[in-house]
Amino acid sequence: MIEPRTLKGFRDHLPAQALARERVLDIARRVYRSYGFAPIDTPALEYLEILTGKGSEETDKQLYRFQDHGGRDVGMRFDLTVPFARFAAQHLHDLGLPFKRYHMATVWRGENTQRGRYREFMQCDFDTIGTTSPVADLEMLLVVHDLLAAIGVERFTIRVNDRRVLAGILARLGLAERATSVLRSLDKLGKATPEAVAAELAGQGVAADAGAALLEMAGLSGPADDVLMRLESLVGGVEAGQCGVKALRGIVAGARDAGVAEGRIVIDPSIARGLDYYTGIVLESFLDDLPALGSICSGGRYDDLAGLYTKQPLPGVGASLGIDRLLAGLEELGRAATVETPAEVFLVYFDEAHLGDYLRIAAALRAGGMAVEFFPEPKRMGQQLKLASKRGFPAALVIGSDEFAAGTAQLKNLAAQQSQTIDWHGDLRVLVDAVHSCLESMREGR
RNA sequence: GUGGCUGUAGCUCAGUUGGUUAGAGCAUCGGUUUGUGGUACCGAGGGUCGCGGGUUCGAGUCCCGUCAGCCACCCCA
């Protein structure tokens, strides 16, 4: 016997999880499309040279790599951005600019696992390339907002910043050359205490007053307009910094115009993002009830997506939803769906003599747009109903010889434990309409 | 990748200072006379105690390794 098992960080998905996952994927697809992003796909495997060097040394270490049967050095994609860069450079002529795409696919990273951190997980990216317009920046924010709202996460916050603000402040403090390490330290503020971060900064040789200024900046919170005003003075006369503040003002105003509720979006000067290719707006989003889970949707603007693969400059802006982390969070919060069936109607196989009728009824209901599971064996009705109830079917349809004789049917609301009689007189259309409207009202009732 | 904690039936756990056939609840399956489901009663199946090695007369119980999960660092979705 071979022990059935899965690799560290790799997981199976049972129906309840898989259904929850597909639901989120459907929503993401719908939201992305509603802004005009078009789907693309790329191979899981790329030439190693495409994947290495890009990103940081860290990602190189995490890369799954091997030689294929033809002796080629290949690697599995660890995100969707690098393959997109290759894709854009390769197909630029066919795409036209600006180009908006979404890409929902599995990626692999050989890093250590934790809750919400796996070695195989899915990302749902969307990007706009070939434009530097602030409208594209704003649109990214709106997509993230719509996405989280549509998923039904009630309490979430999108934290926004602009790299140029950070750059401006660092320049003013004379720390521009140490930007990466300083920002990395500041980025820890969510988890570590300000004192700890101050100590770390001091360890990097940052002067005490400069460190204090950085912490003051990173600690700013409150209404967006207030924070922006404070940032403006902190940035002083540095041009990049002023640009950043101005851009954030535009974002805040645009979000208001688009009808985003106050408080959903917060200006957070401590958001830096580890990836150093971001150059403008950056954002991260968190579940308010589970901030320790980390960002579930992050992104930002970058100057050049595909500089490694083409001379054509491709500025862009985009973000990525970490669906597996999100689902892990929802599960922990007890907000994960427990339904184990995609079907709405469970048709009880009651009377073997009426098999033909059941098949006709099931077909008619399906043609009417309803998902129907017909039980394959004429087992005891109690067992069938129990199973249907456990699987989470909203409704069960019971039609035995008595009902056939009377031209009726019993439709059970399995959750409410209620039953109602449908008079359909052998007319399938009447039955289909009745079941349909019953399901409608049951959905409203929830 | 580094460090720490954990690992007993599908799930949550109990298992005396190492000692004969490893238990419970829930879940699963079957039944309570053959047309009605989350309740009740009866019964059944299911565990090489993560895996491998060592110490011992004897290990679920001690030691080492390994695998997996969780936590921190790191990085990030």
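Order of the sequence lines fixes the chain letters, A, B, ..., with proteins taken first and strands second; residue numbering starts at 1 for each chain. Note that the coordinates shown come from a computational prediction; the quantities given were computed from them, not determined experimentally.
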Between P of B:U36 and CE of A:Met381, the distance in whole Å: 6 Å

Atom-to-atom span, OH of A:Tyr118 to C1' of B:G69 - whole angstrom: 11 Å

Pair assignment for B:A22, Watson-Crick or G-U wobble, requiring both distances under 3.5 Å: none

Any A:Thr113 side-chain N or O less than 4.0 Å from OP1/OP2 of B:G69: yes

N/O donor-acceptor pair, side chain A:Glu111 with base B:A77, under 3.5 angstrom: yes

Mutual orientation of the aromatic rings belonging to A:Phe346 and A:Phe393 [parallel < 30°, tilted 30-60°, perpendicular > 60°]: perpendicular

Close side-chain approach of A:His145 to A:Phe156, heavy-atom, < 4.5 Å: yes

Interatomic distance at C1', B:G47 relative to B:U8, whole Å: 8 Å

Integer angstrom distance from the C1' of B:C13 to that of B:U6: 14 Å

Side-chain H-bond candidate by donor/acceptor type, A:Ser419 with A:Gln410, under 3.5 Å: yes

Residue closer to the 5' end of RNA chain B, A:Gln417 versus A:Leu387 (nearest nucleotide): A:Leu387

Side-chain N or O of A:Gln410 closer than 4.0 Å to phosphate OP1/OP2 of B:U36: no

Same-atom distance (P) from B:C29 to B:G23, integer angstrom: 25 Å

Spacing of A:Lys386 atom NZ relative to B:U32 atom C1', expressed in whole Å: 13 Å

Integer angstrom distance from the C1' of B:A24 to that of B:C49: 16 Å

Spacing between A:Phe286 atom CZ and B:C76 atom P, to the nearest angstrom: 13 Å

Sugar-phosphate only, base, or nothing, as touched by A:Asp324 at under 4.0 Å among non-hydrogen atoms: nothing

Residues, nucleotides or ligands: over 12 heavy atoms within 6.0 Å of A:Tyr47 OH: no

Sugar-phosphate only, base, or nothing, as touched by A:Gly110 at under 4.0 Å among non-hydrogen atoms: nothing

Per A:Arg115 side chain, nearest of listed nucleotides B:A77, B:C70, B:U2: B:C70

A:Asp146 side chain to A:Tyr32 side chain, donor-acceptor N/O pair below 3.5 angstrom: no

Touch class at under 4.0 angstrom, heavy-atom based, for A:Arg380 against every strand present: sugar-phosphate

Rounded distance in Å between the P positions of B:C26 and B:C41: 9 Å

Given B:G1, B:A77, B:C71, the nucleotide with the shortest approach to the side chain of A:Arg109: B:A77

Sugar-phosphate, base or nothing in reach of A:Lys390, heavy atoms under 4.0 Å: sugar-phosphate

Nearest to side-chain heavy atoms of A:Ser295, which nucleotide of B:G37, B:G30, B:A77: B:A77

Sugar-phosphate, base or nothing in reach of A:Ala415, heavy atoms under 4.0 Å: base

Sugar-phosphate only, base, or nothing, as touched by A:Glu403 at under 4.0 Å among non-hydrogen atoms: base

Nucleotide B:G35, atom P - distance to OH of A:Tyr358 in whole Å: 12 Å

Most 5' of A:Leu293 and A:Lys8 on RNA chain B, judged by nearest nucleotide: A:Lys8

Minimum-distance nucleotide (side-chain atoms of A:Asn112 versus B:C76, B:G37, B:G1): B:G1

Closest to the A:Arg117 side chain, choosing from B:U2, B:A77, B:G30: B:A77

Integer angstrom distance from the P of B:U61 to that of B:G52: 13 Å

Nearest non-hydrogen partners of A:Phe37 and A:Asp127, listed with the distance: CE2-O, 3.4 Å

Sugar-phosphate only, base, or nothing, as touched by A:Leu321 at under 4.0 Å among non-hydrogen atoms: nothing

Sugar-phosphate, base or nothing in reach of A:Gly329, heavy atoms under 4.0 Å: nothing

A:Gln383 (side chain) and B:G30 (base): donor-acceptor pair under 3.5 Å: no

Donor-acceptor pair (no angle test) under 3.5 Å: A:Lys412 side chain, B:U36 base: yes

Stacking of A:Phe350 on B:G35 base (centres under 5.5 Å, planes under 30°): no

Pairing nucleotide - B:G3, Watson-Crick or G-U, each distance under 3.5 Å: B:C71

Derivation and outcome, ring-ring contact (aromatic ring centres under 6.0 Å, His included), residues A:Phe374 and A:Tyr349: CA-CA 7 Å; A:Phe374 175 51; A:Tyr349 188 178; 4.9 Å; yes

